[in-house]
Amino acid sequence: MNLAGFLLAEGSEDAACAWCQSYPCLASLSCWGIVAGALGLLLMLPGGWKRGRYLGVLLGCAGLGLLAADLPWFGDLAHQVFFWLLAGTALVAAVIAISVRSPIYTAIWFAISLLGVAGLFLYQEAPFLGVVTIAVYAGAIVVTFLFVLMLAQPAGHTVYDRVSWGWLPKPFAVIAAAALTGLMTFAVASLPSTAPIPTADPIAGDTATSGAPDHMANLGNTLFGTHLVSVEVAGTLLLVALVGAIAIVIHGKQPQLPNQGVEGARNDE
Amino acid sequence: MKTDDPEITWVEEPELGLAGKMYLPMFAQGLTTTFKHLKNSVAGKTVTVSYPEQEPQIDAPLIYRGVHRLNKDEQGRVKCVACFLCATACPAHCIDIIGVESPWEDREKYPESFTIDELRCIYCGMCEEACPVDAIELTSLYNLTGRSREEMVFDKEKLLSVFDETKDREPMQSAGLGGSP
Amino acid sequence: MNEMALLQNYLIVGGLLFAIGLIGFLVRRNMIVMFLCAEMMLQGISLSLVAFGRFHGNLGGQMMVLFIITVAACEAAIALALILMLFQRSQTLDIAFWQNLREEGQPRFVDQQIPEEIEDEREWPQLTPAGVEPELDLEQQRHRTRV
Amino acid sequence: MTAIILEALIKIALLIGGLMTAAAYFVLLERRIAAWIQDRRGPNRVGMPLTKLRLFGLGQPLADGVKFIFKEEYTPAHVNKVLFVAAPILILAAALAAFAVIPFGSMIPPDWFGRTEPIKLVVAPGVDVGMIYVFALSSIAVYGVILGGWASNNKYSFLGGLRSSAQLIAYEVPLGLGILAVVVAAGSLDLEAIIHAQTTQGWCFLLQPLGFLVFVVAAFAEAARLPFDLPECEQELVGGYHTEYSGIKLLLFLVAEFLHMITASFLIVILFMGGWHLPWGLTGDPAAESIGWVPAIVRIVALAVKIIAVIVFFMVVRWSWPRFRFDQLMALAWKVMLPLGVVNFVVMATVEQFGGSLSTGVKMAIGWGTFVLSWVAIAAAGPLIADNRARHDLHPSQIDSQV
């Protein structure tokens with residue numbers, strides 16, 4: 001049951017939209033939601049028309065609203081509101097992150113988006129992942145990014161934060177992303193509406209207990225039981241990355257003339 | 001400073017022993033010291049005084065530099081001879097003297113008016129040093145307060161009254177420090 | 001609660017995050033911002049994985065996300081080291097600066113027009129350097145109190 | 001449902017009120033202790049308002065708060081206004097939110113309104129990831145510091161912010177390593193479960209002295225207390241990341257700092273000193289599902305006394321140790337605390353895995369043996385005191401290629 005279905009059911013059966021029957025996608029709210037969102041995003045991206053940004057914000061909100069209205073409902077208003085609060089935080093913050101000019105703000109909005117994602121993880125009965133996302137992603141990775149940005153960013157807004165690669169890539173990127181999302185929406189919407197019986201994992205038990213007090217124990221058992229080799233590989237990867245990062249920094253510190261790199265790069269044509 | 005300057009003599013510090021390198025013994029030592037002070041203070045052995053209730057004790061009032069006074073001689077006359085040496089010596093230019101012909105036999109001039117701006121004074125004691133007749137002195141009065149700027153400009157009468165107030169506690173420095181009588 | 005609806009919603013939100021990250025990666029030119037966009041795509045995928053894991057009732061999806069976080073941490077370490085090196089050589093975070101790494105025979109990208117800065121640049125008062133007597137204008141000097 | 005929400009709200013109100021009052025009075029305590037160590041008296045004047053009662057200066061926090069609130073709240077022209085305002089709010093919110101999973105007592109008996117199960121004295125009881133949640137929030141607090149420093153648009157603030165974020169990230173590693181062994185021994189990340197484990201196994205600082213040391217040092221650094229107060233060392237950076245702040249915003253920063261210290265001492269007590277537990281059965285039967293009023297109150301008092309003792313230790317250390325230089329700070333984290341934490345974790349995990357049947361005495365001996373051996377080894381191999389002297393055997397250009 002969703003809003004579109006609700007409206008269609010309420011509306012007269014003899015709807016004049018015969019073409020709606022032949023092109024069902026045009027009748028769906030999510031299609032128009034994605035189009036509106038894509039247009040809004042296009043207007044909001046840097047390097048555009050200043051007034052257009054406000055229009056873009058409006059269009060983006062409208063698109064998100066349409067999409068949210070068209071998606072299947074949970075059947076419980078509190079859950080619905082809570083879910084879209086978290087998802088809305090994640091998505092809106094992500095959109096702002098890619099459309100603000102200042103890279104510092106990008107990092108901060110990305111961190112807010114991460115908070116939303118972490119909330120969604122908690123909501124999916126994955127509290128460990130939610131908390132680890134905040135601790136590792138927001139706490140360590142994004143802070144390190146901020147650190148480098150603050151050290152490396154020249155004062156004020158730079159040229160390359162205000163422009164894109166000419167006029168071409170922006171519409172094409174947005175069209176590609178819209179096509180991707182649209183296809184996925186229809187693929188997801190056409191999933192069989194009857195849920196398959198959850199297959200119980202032989203080691204970890206089923207989801208019914210995954211939010212229960214032994215969630216951590218289950219997680220630990222799966223992680224260090226089934227996926228032990230992967231853990232070892234991930235640990236090795238971390239070590240290699242650590243050594244690699246240090247090697248890059250030490251190797252890159254070779255004394256060089258200040259403008260050598262610049263000329264080398266500019267003189268290629 | 002350049003580290004390779006030949007003028008610099010580098011002194012080797014003594015090597016730390018194992019106890020020093022282990023850091024914790026030294027930390028314990030430091031903690032013991034602070035705890036000792038903490039204990040003594042809680043027991044009441046502080047070096048501060050609770051000022052309004054308890055007057056601080058000034059150990060050497062003769063060399064303390066507080067509020068000025070104008071000394072009087074045995075006959076109750078102001079000792080000052082209006083020579084302007086103090087006003088000249090004063091680095092803050094806070095002394096203002098009007099000297100007139102003296103009505104007495106033993107000196108030529110005396111100050112008709114003698115004002116010190118106590119807010120401008122830096123309490124350096126130069127006036128006291130400069131005075132040839134030990135007329136101006138700094139007392140050990142430290143709690144100088146007032147409600148207006150005008151109040152803090154001391155005239156001759158005020159300065160003489162400071163003398164009357166403090167003469168019993170603090171003898172004239174001429175006697176104590178071997179100046180001219 | 002409708003499990004199926006929950007899964008569908010999560011997949012769409014994950015897909016949207018991925019798409020937004022994709023657009024950001026293709027459109028932005030600041031190296032660090034591009035990198036953050038790649039991380040955003042990883043977040044979208046993590047969301048879908050967790051949703052699938054819960055729907056199927058096993059912890060495999062969460063395991064995948066844990067490894068994604070690990071890989072992201074490694075990636076961040078290496079990428080930041082590289083970006084710092086590139087910045088030290090070029091003094092800019094612009095990825096277009098390094099376009100001589102492009103393929104053979106491709107034309108060079110040159111910015112057609114650079115839009116004006118929207119915010120106006122303001123001038124901040126500055127202190128006189130040490131050891132130089134500050135020059136005060138007459139107006140200011142007249143208002144100064146003399147000590 | 002409503003009852004649960006109501007209960008949680010009451011707990012939150014109690015906790016926030018209590019924490020804010022505690023932070024204010026710990027400021028007074030800190031000032032008094034500082035004064036006593038320096039042979040002074042400290043603030044002892046402000047007592048009851050409108051009376052002449054002095055009460056050892058107990059009115060001072062009120063006066064301080066009123067002063068902060070009525071100070072002019074000055075926002076410099078050159079700052080980034082949004083982030084400048086957001087930073088103190090963020091840091092205080094993170095500092096307060098960490099207390100959601102920290103138990104401030106054990107439980108109180110079900111005397112009210114026909115309840116049958118006891119009320120747990122923690123805002124969110126039974127959170128399975130409690131320990132990592134505290135970690136996550138302490139890493140959110142880094143944002144407040146780094147953004148406050150950056151938004152101030154001031155070199156000193158910026159340096160303070162950068163230093164501090166580097167320090168906080170670096171010391172999270174030994175902090176986590178110090179906790180790991182405790183978590184392995186307790187078999188849970190839930191703070192209450194960790195206390196319960198210690199009631200049977202013995203307090204962790206006796207069993208794992210090395211882990212205790214590593215954790216305490218890292219906790220000092222995370223709370224930016226004096227031997228590691230690099231973010232705001234007054235002598236070098238004016239005031240560090242909050243140089244440009246004044247009025248109520250500065251107050252938020254200062255309160256958040258004290259809250260960090262309180263969090264750190266809560267964690268030290270809960271993880272290593274048995275939480276509310278006292279030996280000889282003074283706190284009732286730890287395994288019992290429900291307890292009477294007497295043991296419930298004894299438990300709260302025991303926890304409070306332990307925490308205050310740890311905080312007094314924090315304050316005394318402030319006046320006993322000089323500040324580390326930044327490179328020494330980093331060397332201590334990466335070259336000393338990290339290896340020590342790993343050694344502790346490996347030894348304790350081995351004991352847990354293969355020596356489950358060993359008696360407490362033997363476990364203690366192993367713990368203390370590890371502590372002494374690894375401490376002496378690290379002292380002999382790489383002295384903890386970095387040499388401050390200039391390398392006069394090298395030409396300056398050999399030391400720094402920039403010269």
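Just so it is clear: chains get the letters A, B, ... in the order the sequence lines come, proteins before strands, and each one is counted from 1. Not measured: the values here are computed from a predicted model.
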Where does Leu189(D) contact chain A at under 4.5 Å (heavy atoms): side chain, backbone, both or neither? side chain

Heavy-atom contact with chain A under 4.5 Å, split by part of Ile140(D): side chain

Minimum heavy-atom separation for Ser139(D) and Gly139(A), please, with both atom names. CB-CA, 3.5 Å

To the nearest 0.5 Å, atom OG of Ser102(A) lies from atom CG of Asn80(D) at 7.5 Å

Does any heavy atom of chain A fall under 4.5 Å from the side chain of Asp190(D), the backbone, both, or neither of them? neither

Okay, Val136(A) and chain D: the region with an atom under 4.5 Å from a heavy atom over there is neither

If you count heavy atoms of other groups shown closer than 6.0 angstrom to OH of Tyr156(D), is the number above 12? no

Are side-chain heavy atoms of Val132(A) and Phe135(D) found at a separation under 4.5 Å? no

Does Ala138(A) offer a backbone N or O that forms a donor-acceptor pair with the side chain of Tyr143(D) under 3.5 Å? yes

Can you check whether Val82(D) reaches Tyr105(A) side chain to side chain, under 4.5 Å on heavy atoms? yes

Kindly indicate whether the side chain of Leu137(D), heavy atoms from C-beta on, has any atom under 4.5 Å from the side chain of Ile134(A). no

Any heavy-atom pair between the side chains of Met150(A) and Leu147(D) that's under 4.5 Å? yes

Which region of Ala166(D), side chain (C-beta onward) or backbone (N, CA, C, O), has a non-hydrogen atom less than 4.5 Å from a non-hydrogen atom of chain A, or is it both or neither? both

Looking at Phe158(D), Tyr133(D), Trp150(D), which one has more heavy-atom pairs under 4.5 Å with chain A than the rest? Trp150(D)

Engaged part of Ile146(D) at the chain A interface, taking heavy atoms whose separation is under 4.5 Å: both

